[in-house]
Amino acid sequence: MASPKAFLLAILGCAFLFSGALAARALSDDSAMVARHEQWMAQYSRVYKDAAEKARRFEVFKANVKFIESFNAAGNRKFWLGVNQFADLTNDEFRATKTNKGFKPSPMKVPTGFRYENVSIDALPATIDWRTKGAVTPIKDQGQCGCCWAFSAVAATEGIVKISTGKLISLSEQELVDCDVHGEDQGCEGGLMDDAFKFIIKNGGLTTESGYPYTAADDKCKSGSNSAATIKGYEDVPANNEAALMKAVANQPVSVAVDGGDMTFQFYSGGVMTGSCGTDLDHGIAAIGYGKASDGTNYWLMKNSWGTTWGENGYLRMEKDISDKRGMCGLAMEPSYPTK
Ligand SMILES: *[C@@H]1O[C@H](CO)[C@@H](O)[C@H](O)[C@H]1NC(C)=O
């Protein structure tokens, strides 16, 4: 029979072993995270200049993974996050490299016509996905260049060109980055979709993606490239009016500016993005459809330019018809589209 003293020792010993096991687990958690970081580095071909930089990036990576996992574990969301190519960037760094320099909100908008103003909302299809109509080129990747405005304008232009000519032609963002240096457009330092449309009109069109390939850097304008597609003009969708945006998107892909700086945007991986989001417009994307999710949530279907490892294979769904007239992340504030 064990004495009370032996029993007490056994409990203590057990507690000691237990806390030792906890310490070992914490260590192996960190080593699992180290392994995860290594695997992630390989997946995204990330190389750090020295061990100090790697150690710093590891801490950022770890904090981001924890944020992503706790967001997803909350379980009451309509969308989820993923450990994507931005996982070793702090949110400030992400804003600086991906968005803030990308889109410049228009200081003063000159009102343009809105050709879809008399379209009846009730007559619109319940679902639109311009991909299924062959009006959307594959997802592109702007890389480390703040020229989202060029990708957004090109996506809308590719759409109207396909709709009016029957031909889907991948067009050159780099021609805009290098040659469109008027108005707010400053290559990788940012620009405006409307100014891009103005350039395309004045330039007599845009050349093909393969004819003027993307380099993700500001280069000298290579003039003399042949125009592969033209537009006649552009129009702004009436601001802060999701119904008006729906009329436009039912008819063609539309350039849209959003606040893409939140962590939920940085790590968006799938589902319909809902909830709070900023409205400091800093990123250009393209609305290429809309629909209703299985749980009844209305959404906009957006094409982004951050490669296929971000979002739903490069696409994003954002809640539609919210009470804030500016729309989710300000998407209804400055939409516009080219005309043929
Ligand atoms: C819409 O209808 C009004 C009233 O009939 C008309 O004045 C206006 O020109 C129409 N707009 C367009 C873009 O057709």
Side-chain angles (χ1 to χ4, degrees), residues 103 105-136 149 152-169 171 182-184 191-206 227 229-258 281 284-292 298-303 318 320-328 330-340:
F103 175 82
S106 190
M108 40 189 177
K109 283 246 173 203
V110 182
T112 63
F114 179 52
R115 63 187 52 207
Y116 304 120
E117 66 177 327
N118 295 333
V119 168
S120 159
I121 282 279
D122 300 331
L124 297 181
T127 305
I128 286 280
D129 181 346
W130 284 107
R131 294 175 301 187
T132 65
K133 299 172 201 292
V136 182
W149 57 275
S152 171
V154 163
T157 302
E158 290 167 345
I160 192 63
V161 167
K162 161 67 186 176
I163 291 164
S164 59
T165 71
K167 277 184 266 180
L168 180 66
I169 307 164
L171 298 171
H182 83 290
E184 295 293 328
L192 272 179
M193 283 80 90
D194 280 3
D195 284 346
F197 296 140
K198 283 182 204 159
F199 171 84
I200 299 171
I201 298 161
K202 203 175 67 172
N203 192 49
L206 215 50
S227 151
T230 60
I231 58 172
K232 275 209 186 73
Y234 73 92
E235 293 174 354
D236 293 328
V237 177
N240 304 326
N241 185 338
E242 287 193 85
L245 181 57
M246 187 178 178
K247 295 177 187 181
V249 174
N251 283 283
Q252 63 179 100
V254 172
S255 288
V256 160
V258 294
L281 305 180
I285 56 179
I288 57 148
Y290 57 80
K292 193 191 278 286
N298 289 330
Y299 64 81
W300 294 107
L301 176 61
M302 304 292 196
K303 184 187 191 191
M318 304 175 82
K320 179 171 167 287
D321 307 324
I322 67 171
S323 57
D324 188 332
K325 295 271 178 279
R326 296 171 295 184
M328 183 84 199
L331 64 85
M333 291 169 75
E334 290 193 15
S336 61
Y337 52 88
T339 59
K340 278 285 286 179

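Atoms within a ligand are numbered from 1 in the order they appear, just like the ligands themselves.
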Residue and atom name of the nearest protein heavy atom (relative to atom 1 (C) of ligand 1), distance in Å to one decimal: N118 ND2, 1.4 Å
side-chain hydrogen bond (donor to acceptor under 3.5 Å, both in side chains) between K340 and T230, worked out: CA-CA 8 Å; K340 278 285 286 179; T230 60; 3.2 Å; yes
Polar contact flag for E117 and ligand 1 (N/O pairs, less than 3.5 Å): yes
Straight-line distance of Q252 CD to I163 CD1, nearest 0.5 Å: 6.0 Å
Separation between CG of D194 and CG of D236, rounded to the nearest 0.5 Å: 4.5 Å
Row check, Y290 ring normal vs K320 NZ/CZ: under 6.0 Å, within 45°: yes
Atom 14 (O) of ligand 1 protein-contacted (non-hydrogen atom, under 4.0 angstrom): yes
Atom 5 (O) of ligand 1 within contact range, any protein heavy atom under 4.0 Å: no
